[in-house]
Amino acid sequence: EGSVYEVTAIHPKMRVPAGTFYDVMEVKVSPQTTSPGHELREFYAVNMGLIRRDFISFEGETSYTVSSYLHSFELNPVHQGETIGELQQD
């Protein structure tokens with residue numbers, strides 16, 4: 001059983017412990033196995049991927065949210081003599 005993914009918003013700017021990201025896409029994930037009283041939201045940054053995930057429960061008298069955030073990341077350094085892409089000048 002799969003999940004249904006729906007883009008619900010584009011956030012111009014979002015800050016998480018790992019830094020500030022721009023043009024962040026918010027996606028509502030509806031797993032087929034999750035009860036109707038729960039919701040999962042994921043946030044994806046351009047060129048980075050998943051930076052935040054919220055699990056929201058609407059069951060009972062009080063709703064609650066459990067959030068996970070990207071806390072750090074590391075870019076792979078370019079090795080001596082290695083190039084990434086090409087520059088073009090007009």
Write out all pairs satisfying salt bridge (Lys or Arg N to Asp or Glu O under 4.0 Å) with one or both partners inside residues 6-25, taking only residues at least two apart or from two chains.
-> none
Is it possible for you to say whether Phe73 and Val16 belong to one hydrophobic cluster, with membership spreading through side-chain heavy-atom contacts below 4.5 Å?
-> yes
Flag yes if Val7 and Tyr22 sit in one hydrophobic cluster, no otherwise; membership is Ile, Leu, Val, Met, Phe, Trp, Tyr, and two members link when side-chain heavy atoms are under 4.5 Å apart.
-> no
Pairs of donor and acceptor atoms involving the side chains of residues 40-48, under 3.5 Å and at least two apart or interchain, shall be tabulated with distances.
residue, atom, partner, partner atom, Å
Arg41, NE, Glu39, OE2, 2.7
Arg41, NH1, Thr8, OG1, 3.0
Arg41, NH1, Glu26, OE2, 3.1
Arg41, NH2, Glu39, OE2, 2.9
Glu42, OE1, Tyr44, OH, 2.5
Glu42, OE2, Arg53, NE, 2.9
Glu42, OE2, Arg53, NH2, 2.8

With sequence neighbours left out, what residues match Pro17 under side-chain contact (heavy atoms from CB on, under 4.5 Å)?
-> Tyr69, His71
Consider only side-chain N and O atoms of Ser67 and Asp54, and report whether a donor and an acceptor are under 3.5 Å apart.
-> yes
With sequence neighbours excluded, residues passing side-chain hydrogen bond (donor to acceptor under 3.5 Å, both in side chains) with Ser57 | none
Would you call Met14 and Ile51 a side-chain contact if the rule is heavy atoms closer than 4.5 Å?
-> yes
Hydrophobic cluster of Ile56, others only, ordered by chain and residue number, side-chain cut-off 4.5 Å = Phe58
